[in-house]
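These figures come from a predicted structure and were not determined experimentally.
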Amino acid sequence: MPSVPFSAPPAAAAASGPTVAIDIGGTKIAGALVHPDGTMTATTRRPTPRGVDADGVMGAVAEVVADLSTSPLWASAQRCGIGSAGPVDTSRGTVSPVNIGAWRDFPVQERIVAELAAHGADLPTVLAGDGVAMTAAEHWLGAARGHANALCMVVSTGVGGGLILNNQLHPGPTGNAGHIGHISVAFDGEPCVCGGHGCVESIASGTAIARWAREQGWTPSGSAAGGGGNGNGAVGAGGANGGRDATAAGVAAAAAEGDPIALAAFDRAGRALAAAIAATATLVETDIAVIGGGVAAAGDTLFAPIRSHLAAYATLSFVKDIQVVPAMLGTHAGLIGAAAAASMLLPSPSSQPSAS
C-alpha cells in the first residue's frame, strides 16, 4: 500500500470517520477500519472455515466484526463496505462464492448489518464483488488513480473486473458490470463454465492457461527458477521438491525459460485479454486497463503479449493509446476496495436527511 496520503473518495471526504471494511474470500475473512487517507487500523482476520454450514462461516465474519468493535475509533465509523468473492447479487445483498461452498444465495449484507448493530453501529452498508472492490481500490489509491475511465481486472483462477466511468464506480444493478471474464472473444471457442463459448476466462485464467499447455504436450517436469505455485493461479515460489508445478505458475516459469508451449499459452491468454480490453475501450472509452491477480504476477510473460496484440485490436483513434498496467495494491486491495466502494456508492452522512 502506498505510504503517502491520498485524497478520499467523494463521500468519504465529507466525513472524517473511518469506514468499516470487510473482505471475504475463500481462504480468509479480513477486517479493518479504513481512514479517509487510505490508512488502515484495527486490522484483523480469520481463516475461512471449512467443513461447516453457512452459519459456521458467518461465525468467522462475526468474530471479525467483534474484533473491530473493540477499537476506540469504532464509534466514529461512518459506513461499512463488504467485498466478497462471487458470484454476488448486490440487488439482494446475497453471495454464492465459488470457493465458499456453504454459502449459496447467502444474505451476507443483512447478516453483517445485524452484527454491526449488535455492537452498537447502525451503519449504511454496501456489498461489492471482489472485482468491483479491486477496481474501487485501484482508482482511489492505485494504478488507475487520476483516470476518469478505467477497466480493472483480476486474472487468477477466474477472470473478473470492474469499471470506473466518469470517475464513478459502475457496478450495475446486480453488482456485476465489468465482469470481463465472460465476454466472448472466440466465436467458435470451447464451452465456458458459465454456459457461454469462447469466454476470456476459458482462455486467459490461470486454470485455462495450465490446461491448454498440458493439452499441447507441456509437462511440469524439471527444475524451474522461480517456478511453482499454490494451485490458485498465483505465480510464486518453487514447487514441491524444487520441481515445476502443473498450474499457471509452472507454465509461467517454463515460459521464462523459453519453453515454446508455455510461451504460446501466455500468448494465447494475452491475445484474449487484449481483445476484451479493446472491446471494452471501444464501448465505453476507458483509457487504462489495470490488471491484478495471481496470473499478473508473471509480469512481462503476460503483459508483453497483451500489449503486442492490443495493437491489432485497439485501432480506432480514441482507443489506440490505451494503457495496460499492473495493479499496485496487491493483498491490500480487498479491504481498501471494500472501503472505497462504500465511500463511492453510499451518500455521505451529511447528505442524508436527518431524523425528525
Side-chain angles (χ1 to χ4, degrees), residues 26 85-87 98-99 131 153-161 179-279 291-310 312-313 324:
V98 172
N99 48 11
M153 306 171 63
V154 180
V155 183
S156 188
T157 50
V159 177
H179 200 344
I180 195 168
H182 295 289
I183 288 177
S184 179
V185 292
F187 183 73
D188 295 318
E190 62 186 76
C192 178
V193 293
C194 74
H197 289 266
C199 294
V200 174
E201 183 170 297
S202 70
I203 300 170
S205 69
T207 306
I209 289 169
R211 181 181 66 247
W212 187 86
R214 292 193 300 269
E215 289 173 351
Q216 306 311 305
W218 177 81
T219 57
S221 59
S223 60
N230 57 15
N232 67 359
V235 176
N241 303 316
R244 226 182 252 137
D245 70 23
T247 70
V251 182
E257 296 173 349
D259 183 287
I261 294 177
L263 286 167
F266 271 90
D267 184 76
R268 180 174 180 264
R271 184 179 183 186
L273 291 167
I277 289 167
I291 304 178
V295 175
D300 281 347
T301 299
L302 178 67
F303 284 91
I306 293 174
R307 291 168 179 144
S308 174
H309 286 295
L310 196 59
Y313 292 106
V324 179

Taking all non-hydrogen atoms of both residues, which atom of [X] and which atom of [Y] are closest, and how far apart?
{"X": "Phe266", "Y": "Ala255", "result": "CD1-CB, 4.4 Å"}
{"X": "Cys194", "Y": "Cys199", "result": "SG-SG, 3.7 Å"}
{"X": "Ala85", "Y": "Asn99", "result": "CB-OD1, 3.6 Å"}
{"X": "Gly217", "Y": "Ile261", "result": "C-CD1, 3.9 Å"}
{"X": "Ala274", "Y": "His309", "result": "CB-CB, 3.8 Å"}
{"X": "Ala208", "Y": "Glu201", "result": "CB-O, 3.6 Å"}

Determine yes or no for a side-chain-to-main-chain donor-acceptor pair under 3.5 angstrom, with Ser184 supplying the side chain and His197 the backbone.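 Checked: pair present.
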Heavy atoms, side chains only, cut-off 4.5 Å: are [X] and [Y] in contact?
{"X": "Ile277", "Y": "Ile291", "result": "yes"}
{"X": "Arg268", "Y": "Gln216", "result": "no"}
{"X": "Pro87", "Y": "Val98", "result": "yes"}

Rounded to the nearest 0.5 Å, how far does [atom2] of [Y] lie from [atom1] of [X]?
{"X": "Ile209", "Y": "Thr301", "atom1": "CD1", "atom2": "OG1", "value": "10.0 Å"}
{"X": "Ser205", "Y": "Leu273", "atom1": "OG", "atom2": "CG", "value": "9.5 Å"}
{"X": "Asp300", "Y": "Arg307", "atom1": "CG", "atom2": "CZ", "value": "6.5 Å"}
{"X": "Arg211", "Y": "Glu190", "atom1": "CZ", "atom2": "CD", "value": "5.0 Å"}
{"X": "Ile306", "Y": "Asp267", "atom1": "CD1", "atom2": "CG", "value": "10.5 Å"}

